[in-house]
Amino acid sequence: MKTRVTVVLPARNESTPIGNVVMQIRAQLPEVEVIVVDDGSTDATGEAATKSGARVIRQPYSKGNGAAIKTGARAASGDVIVFMDADGQHDPADIPALLARLDKGYDMVVGARQAGSQASLGRGLANRFYNRLASYMTGHKVEDLTSGFRAVRAEKFREFLYLLPNGFSYPTTSTMAFFRAGYSVAYEPIHAARRIGKSHIRPLHDGLRFLLIIFKIGTLYSPLKLFAPLALTMFLLATGWYGHTLLEYGRFTNMSALLYTGSVVTFMMGLISEQITALMYKERE
């Protein structure tokens, strides 16, 4: 039985590139279903996508990139879903490579952006940090944690829709969820182009929100791997400070007590979070 493929493009005010992106997808894979989720656009994004041959689902107002992804995933009829940006950054010519890798037994294949593909130096450094942290948490090499260009097995991806945020960090959440559930994840090298039009990411607002990704990575996969080192660091600081004050002043100070207490509380938070995470994935292990 031939595998059915659906390409989902979340789009908001992308009337300039969307038509060309859809036509390129259909040129590469004429038989695929193309769904454009119009996330409350105020321009002609929906009309341009319809004219290009895509099925358009219109959100009455902007709900966020992640919400659009979830809407598209629910509506997709394919056995495999390819998610990609509608702004022209992702090359539809890379889709066959992702699908070919998926056919080798993987459950998710992520388009890993190569050097020079990041939007800015700051974003590139941040993504490298996220990749290393995620690699430590999972025990697997994570080449691109935040790439939105990916092919997934639809049935398995839908298992985690309830976990996905409505904002911009759905790639992080879905990747960590697949690793935690024991599914197979692979990376395919791609080169992302400069986006056409204005980015919807706000540096200050979304920069602070992306910092929360660090904690989300930990709580989604193995909280103790995040909390235990913090607790140990606080314990060692408490012990070092206690040794200093004992030698210098011959007493145990409030700071040592605070650090010791904090280390115990941090460890217990990690332990509780670990149990909650295990229960969350219980049906999938």
Side-chain angles (χ1 to χ4, degrees), residues 112 115 118 120-147 160 162-165 167-183 185 187 201-285:
Q118 300 293 348
S120 65
L121 178 61
R123 289 275 293 279
L125 291 173
N127 285 335
R128 280 198 289 273
F129 175 75
Y130 295 148
N131 294 342
R132 290 182 180 181
L133 177 62
S135 297
Y136 160 72
M137 297 299 299
T138 62
H140 301 279
K141 184 178 181 181
V142 176
E143 297 181 26
D144 196 338
L145 183 65
T146 60
S147 173
F160 306 110
Y162 74 100
L163 284 176
L164 303 184
F168 281 103
S169 60
Y170 102 86
T172 300
T173 306
S174 60
T175 299
M176 299 304 291
F178 266 61
F179 274 124
R180 184 64 175 82
Y183 292 147
V185 180
Y187 293 88
I201 294 180
R202 295 161 291 178
L204 180 59
H205 180 271
D206 291 307
L208 293 174
R209 186 164 58 184
F210 281 144
L211 287 176
L212 295 177
I213 291 176
I214 297 171
F215 299 101
K216 180 172 287 188
I217 290 171
T219 55
L220 277 175
Y221 196 81
S222 180
L224 269 180
K225 278 195 172 184
L226 185 65
F227 286 97
L230 291 175
L232 178 61
T233 299
M234 295 176 71
F235 181 84
L236 293 176
L237 286 173
T239 303
W241 185 252
Y242 175 44
H244 168 70
T245 56
L246 182 64
L247 292 174
E248 290 290 327
Y249 310 107
R251 61 191 180 91
F252 180 77
T253 64
N254 290 337
M255 179 59 71
S256 295
L258 181 63
L259 288 170
Y260 275 127
T261 302
S263 68
V264 173
V265 171
T266 300
F267 180 77
M268 294 305 296
M269 286 177 60
L271 194 60
I272 294 170
S273 297
E274 188 81 19
Q275 299 304 313
I276 293 173
T277 301
L279 290 173
M280 186 170 63
Y281 290 94
K282 182 178 179 180
E283 296 180 358
R284 297 171 177 82
E285 294 185 331

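Just so you know, these numbers use all the heavy atoms, side chains as well, and skip hydrogens, waters and symmetry mates. The structure presented is a predicted model; accordingly, all values stated were derived computationally and were not measured. Residues: numbered from 1 along the sequence shown.
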Exercise. Roughly how far, to the nearest 0.5 Å, is CG of Leu246 from CZ of Phe252?
Worked result: 10.5 Å

Seminar exercise, completed: One should read off an interatomic distance between Leu163 CG and Arg180 CZ, to the nearest 0.5 angstrom, of 11.5 Å

Exercise. Any side-chain heavy atom of Phe267 within less than 4.5 Å of one from Leu232?
Worked result: no

Problem set entry | Interatomic distance, Phe227 atom CZ to Ile272 atom CD1 [nearest 0.5 angstrom] | 10.0 Å

Exercise. Taking the side chain as C-beta and beyond, is there a heavy-atom pair between Ser222 and Thr277 under 4.5 Å?
Worked result: no

For this session: Return yes when atom OH of Tyr260 has more than 12 non-hydrogen atoms of other residues, nucleotides or ligands closer than 6.0 Å, and no otherwise.
Result: yes

Exercise. Checking Glu274 side chain against Leu224 main chain: does a donor-acceptor pair fall under 3.5 Å?
Worked result: yes

Seminar exercise, completed: dist Thr146:OG1 -> Tyr170:OH (nearest 0.5 Å) comes out at 10.5 Å

For this session: With rounding to the nearest 0.5 Å, note down the distance linking CD in Glu143 to CG in Asn131.
Result: 8.5 Å

For this session: Look at atom OH of Tyr136 and say whether more than 12 heavy atoms of other residues, nucleotides or ligands are closer to it than 6.0 Å.
Result: yes

Problem set entry | Nearest non-hydrogen partners of Pro223 and Gly270, listed with the distance | CB-O, 3.9 Å

Exercise. Do you know the tightest heavy-atom contact between Ser135 and Val142?
Worked result: OG-N, 2.9 Å

Exercise. Among Thr172, Leu133, Thr138, which one satisfies side-chain contact (heavy atoms from CB on, under 4.5 Å) with Leu145?
Worked result: Thr172

For this session: Decide yes or no on side-chain contact (heavy atoms from CB on, under 4.5 Å) for Val185 and Phe179, but give the supporting numbers first.
Result: CA-CA 7 Å; Val185 180; Phe179 274 124; 3.9 Å; yes

Problem set entry | Heavy-atom pair of closest approach, residues Met255 and Trp241 | CB-NE1, 3.6 Å

For this session: First locate atom OG of Ser263, then atom CZ of Phe235, and finally report the distance between them rounded to the nearest 0.5 Å.
Result: 6.5 Å

Exercise. Taking all non-hydrogen atoms of both residues, which atom of Ser147 and which atom of Pro171 are closest, and how far apart?
Worked result: O-CB, 3.4 Å

Problem set entry | Nearest non-hydrogen partners of Met137 and Lys225, listed with the distance | O-NZ, 3.2 Å

